[in-house]
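Working notes, beginning with the structure itself.
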Amino acid sequence: VQLQASGGGSVQAGGSLTVSCAASRSTFSDYNMGWFRQAPGKEREFVGGRRWGGRATYYTDSVKGRFTIVTNNAKDTVDLQMNSLKPEDTAVYYCAVGSKSKILSSLYTPGAYDYWGPGTLVTVSS
């Protein structure tokens, strides 16, 4: 499984940005998918996820109502649409996929994911 995240960049607070995770369509159908981020000096943290086959999406509290996971079948990507960005959203964003056998409660942790993309940097200035 190969993943590639793209779309990172710089934006002012309050702005919007979309990062995309590219993989084969079968990958997103057969695996749970997660977005994580890691800010300098901090641990990698869960941002949002999508159950295999697109059954459900879920988010960490700090991004609820601002971030949305969208499946783009035309491009074979799963996108993280980020609105109302804040400086504290600055981080390297990673997409990952993991076995669909994992229970929902585990999907908020990096250990539930087996394959990771290389990450893309998002910088939000105040």
Side-chain angles (χ1 to χ4, degrees):
V1 175
Q2 290 188 324
L3 305 172
Q4 183 64 50
S6 62
S10 298
V11 65
Q12 290 191 326
S16 299
L17 203 62
T18 296
V19 289
S20 298
C21 182
S24 67
R25 188 173 302 184
S26 62
T27 297
F28 296 130
S29 295
D30 297 340
Y31 290 86
N32 294 318
M33 186 269 178
W35 281 102
F36 287 78
R37 65 186 180 187
Q38 189 165 18
K42 295 188 177 182
E43 293 186 352
R44 191 168 298 190
E45 67 170 351
F46 175 80
V47 176
R50 173 186 175 275
R51 288 287 258 172
W52 64 275
R55 281 164 167 71
T57 55
Y58 38 93
Y59 305 89
T60 192
D61 287 345
S62 64
V63 307
K64 282 181 182 176
R66 301 189 298 123
F67 289 14
T68 305
I69 292 173
V70 177
T71 301
N72 187 330
N73 289 324
K75 296 183 178 180
D76 286 341
T77 63
V78 175
D79 300 340
L80 181 67
Q81 296 180 347
M82 303 182 289
N83 298 315
S84 302
L85 283 161
K86 304 175 182 180
E88 51 264 43
D89 294 318
T90 294
V92 175
Y93 283 72
Y94 299 89
C95 62
V97 295
S99 170
K100 62 185 180 182
S101 66
K102 300 287 185 170
I103 61 174
L104 179 60
S105 60
S106 73
L107 299 181
Y108 294 79
T109 61
Y113 299 87
D114 305 303
Y115 303 96
W116 292 79
T120 185
L121 177 63
V122 172
T123 303
V124 184
S125 58
S126 57

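Because the structure is a prediction, the values reported are computed rather than measured.
Applying the disulfide bond (SG atoms under 2.5 Å apart) test to pairs two or more places apart or on separate chains, none has a residue in residues 32-89. Sorted by first and then second residue, the salt bridge (charged side-chain N to carboxylate O under 4.0 Å, His left out) pairs involving residues 31-41 (not counting sequence neighbours) are R37-E45, R37-D89.
Among residues two or more places apart in sequence or in another chain, the side chain to side chain contact (heavy atoms under 4.5 Å, CB included) test is passed with S20 by S6, T18, T77, D79. Not counting sequence neighbours, the partners of T71 by the side-chain hydrogen bond (donor to acceptor under 3.5 Å, both in side chains) test are R50. For N73, the side-chain hydrogen bond (donor to acceptor under 3.5 Å, both in side chains) test picks out no residue, with sequence neighbours left out. Under the rule for a side-chain hydrogen bond (donor to acceptor under 3.5 Å, both in side chains), the partners of K64 that lie at least two apart in sequence or sit in another chain are D61. Under the rule for a side chain to side chain contact (heavy atoms under 4.5 Å, CB included), the partners of N83 that lie at least two apart in sequence or sit in another chain are S16. S24 pairs by the side chain to side chain contact (heavy atoms under 4.5 Å, CB included) definition with S26, T27, not counting sequence neighbours. Residues satisfying the side-chain hydrogen bond (donor to acceptor under 3.5 Å, both in side chains) criterion with E88, sequence neighbours excluded, are absent altogether. Qualifying ring-ring contact (aromatic ring centres under 6.0 Å, His included) partners for F36, counting only residues two or more places apart in sequence or in other chains: F46, Y113, W116.
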Would you be so kind as to tabulate the donor-acceptor pairs closer than 3.5 Å made by side chains of residues 119-126, with sequence neighbours excluded?
unit_1: T120; atom_1: OG1; unit_2: G8; atom_2: N; d: 3.1

Enumerate, atom names and distances included, each donor-acceptor pair closer than 3.5 Å involving a side-chain atom of residues 94-102, sequence neighbours excluded.
unit_1: S99; atom_1: OG; unit_2: S101; atom_2: N; d: 3.1
unit_1: S99; atom_1: OG; unit_2: S101; atom_2: OG; d: 2.7

